[in-house]
Amino acid sequence: MKSTPSKFGKTPHQPSLWTRADALKVHADDPTTTQPLVSANFPVLSDEVFIWDTMPLRDIDGNITSVDGWSVIFTLTADRHPNDPQYLDQNGNYDVIRDWNDRHGRAKMYYWFSRTGKDWKLGGRVMAEGVSPTVREWAGTPILLNEQGEVDLYYTAVTPGATIVKVRGRVVTTEHGVSLVGFEKVKPLFEADGKMYQTEAQNAFWGFRDPWPFRDPKDGKLYMLFEGNVAGERGSHKVGKAEIGDVPPGYEDVGNSRFQTACVGIAVARDEDGDDWEMLPPLLTAVGVNDQTERPHFVFQDGKYYLFTISHTFTYADGVTGPDGVYGFVADSLFGPYVPLNGSGLVLGNPSSQPFQTYSHCVMPNGLVTSFIDSVPTDHTGTQIRIGGTEAPTVGIKIKGQQTFVVAEYDYGYIPPMLDVTLK
Ligand code: FRU
């Protein structure tokens with residue numbers, strides 16, 4: 001890697017803070033920021049595989065793109081094991097919950113295609129076995145590069161380590177469907193550095209993943225968002241006045257919140273092809289608030305930068321909480337300062353009666369939000385659940401200034417294209 005100094009100088013920007021005071025404003029079950037109840041009678045995409053994180057094909061500006069009239073999505077995917085003795089319980093019944101909970105360790109990138117933006121047909125694995133350098137193929141972003149159908153898939157190569165990588169291939173269409181060709185040479189891009197972004201050596205529970213490249217609509221340069229944790233040994237972080245924010249009397253105690261250190265990372269490309277990247281300080285940190293800000297992504301609207309990221313109840317710090325779902329922040333320029341949407345950051349959370357119904361929301365520039373079904377209760381006590389591993393109903397939100405509103409619900413896995421590219 002070249003060591004050209006950053007064009008931004010020594011201190012390019014100060015990360016914006018998601019503070020404990022902001023998070024105290026999070027309220028579950030506000031209908032304007034709560035995903036409608038998902039019925040336990042949902043259809044499943046496939047009896048053979050579980051799917052979770054969904055990554056629609058898009059262009060570098062963020063527009064969801066179909067090719068020759070075919071929509072394409074990539075998904076993290078794992079085989080279901082209904083007949084594998086390893087997943088039978090003492091009574092010989094399939095333990096689907098255990099199978100589902102183990103999925104991250106065998107995640108592979110698959111693709112699906114559709115003429116209607118729903119009713120997805122399975123295309124298969126994106127990379128053949130042995131192409132990806134690690135055991136797990138974790139989330140990222142497929143970018144359609146041109147009218148030749150070339151696609152750069154940025155994703156996370158995990159176990160051992162966690163490396164942001166990319167692999168180039170091509171989408172080929174016929175009257176009957178879509179296939180992906182190429183995707184044979186994986187190029188490592190970068191890993192956590194231990195100075196801005198926490199490494200595995202600093203914290204065995206570190207996060208470094210989920211690349212989301214984009215072109216800044218204002219300066220025209222190529223950047224990439226990703227999930228990280230703030231660098232430093234686990235337990236060494238300080239939750240001071242700035243991280244706490246303006247809290248009411250009695251809310252100053254931060255407990256053990258120094259262990260929660262999520263951030264949204266950003267890197268800038270030194271070349272037009274996105275082969276050579278320089279990490280910059282995080283855009284947003286959540287030290288003392290939350291340990292995971294996953295799958296960060298942007299919607300560029302009304303000259304503003306709407307930054308979205310998904311997070312969990314279980315990753316919140318002592319003394320603050322919120323539902324599983326997607327959170328958002330807005331700024332007038334790429335490097336901030338970012339302000340939490342709706343005061344708190346919460347944009348679309350699960351209802352408290354079904355806290356795990358969906359996850360891994362992706363807000364698209366048309367205001368549609370896709371996610372997957374995790375588990376839905378099948379009885380009133382919530383002790384019986386049905387595992388999803390399939391697409392959730394799409395939700396429509398309206399983004400207005402510093403506020404968002406749930407305004408619509410659509411079909412399961414509805415991801416319509418915003419533009420169509422005719423391949424040459
Ligand atoms: C979100 C996520 C991503 C990660 C993947 C692992 O659901 O945790 O951050 O890449 O799932 O399965």
Side-chain angles (χ1 to χ4, degrees), residues 35 49-56 73-80 98-110 125-127 132-142 153-167 186 189 191-192 197-198 200 203 205-213 224-229 260-265 282 284 286 290-297 307-316 323-327 348-350 355-363 369-375 387-392 413:
Q35 182 148 6
V49 294
F50 295 121
I51 64 103
W52 60 109
D53 295 12
T54 297
M55 300 155 261
I73 55 172
F74 290 52
T75 59
L76 293 193
T77 306
D79 290 341
R80 296 177 186 249
R98 195 153 52 81
D99 196 11
W100 170 244
N101 289 340
D102 282 356
R103 72 190 185 281
H104 300 286
R106 57 179 198 277
K108 306 288 178 211
M109 200 62 82
Y110 276 60
R125 253 183 101 168
V126 177
M127 287 167 280
S132 195
T134 61
V135 177
R136 306 173 185 211
E137 300 169 13
W138 276 13
T141 309
L153 173 63
Y154 290 78
Y155 72 98
T156 324
V158 177
T159 313
T163 309
I164 308 285
V165 301
K166 73 186 246 190
V167 56
V186 175
L189 299 178
E191 293 174 25
Y197 297 100
Q198 197 172 47
E200 185 170 16
N203 175 7
F205 309 103
W206 94 124
F208 195 76
R209 54 179 182 263
D210 304 347
W212 197 88
M224 186 198 296
L225 297 178
F226 53 88
E227 172 189 2
N229 288 96
Q260 278 69 43
T261 62
C263 67
V264 171
L284 182 86
N290 203 304
D291 206 34
Q292 291 188 2
T293 45
E294 305 190 286
R295 296 195 69 197
H297 56 284
L307 172 62
F308 295 99
T309 177
I310 54 171
S311 196
H312 289 287
T313 305
F314 85 91
T315 54
Y316 267 99
D324 278 26
V326 61
Y327 291 76
L348 189 65
N350 283 333
F356 304 111
Q357 67 171 16
T358 62
Y359 192 58
S360 210
H361 302 74
C362 173
V363 184
V369 188
T370 171
S371 61
F372 72 86
I373 300 177
D374 185 323
S375 66
I387 294 293
T390 189
E391 297 289 344

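The model shown is predicted, which means the values in this text are computed figures rather than measured ones. Just so you know, ligand 1 is whichever comes first in the structure, and atom 1 is the first atom listed for that ligand.
- Ligand-side atoms of ligand 1 in range of Tyr359: 1 (C), 7 (O), range being under 4.0 angstrom from any heavy atom.
- Ring centroid separation for the pair Tyr155 and Phe74 does not come in under the 6.0 Å cut-off.
- Under a 4.0 angstrom heavy-atom cut-off, Thr156 registers as lying outside contact with ligand 1.
- Protein heavy atom closest to atom 7 (O) of ligand 1, with residue, atom name and distance, is Asp53 OD1, 2.8 Å.
- Contacts with ligand 1 closer than 4.0 Å are made by side-chain heavy atoms of Glu227 only, the backbone lying farther away.
- Side-chain N/O atoms of Trp52 and Asp374 include no donor and acceptor closer than 3.5 Å.
- The single protein non-hydrogen atom nearest to atom 12 (O) of ligand 1 is His104 ND1, 2.6 Å, given as residue, atom name and distance.
- Among the atoms of Arg295, none of the N or O lies under 3.5 angstrom from an N or O of ligand 1.
- The distance from atom CH2 of Trp138 to atom CD1 of Ile164, rounded to the nearest 0.5 Å, is 12.0 Å.
- Atom 8 (O) of ligand 1 has as its closest protein heavy atom Glu294 OE2, 2.7 Å.
- With Thr309 contributing its side chain and Glu294 its backbone, the two residues share a donor-acceptor pair below 3.5 Å.
- Annotation: side chain of Arg106 is in contact with side chain of Phe50 (closest heavy-atom distance under 4.5 Å).
- The NE2 atom of His297 sits 9.5 Å away from the CG atom of Leu225 when rounded to the nearest 0.5 Å.
- Atom NE2 of residue His312 and atom CG of residue Asn350 lie 10.5 Å apart, to the nearest 0.5 angstrom.
- Considering backbone and side-chain atoms alike, Ala139 places an N or O below 3.5 Å from some N or O of ligand 1.
- Of all protein heavy atoms, the one lying nearest to atom 10 (O) of ligand 1 is Asp210 OD1, 2.7 Å.
- Only the side chain of Ser360 comes within 4.0 Å of ligand 1, judged by heavy-atom distances.
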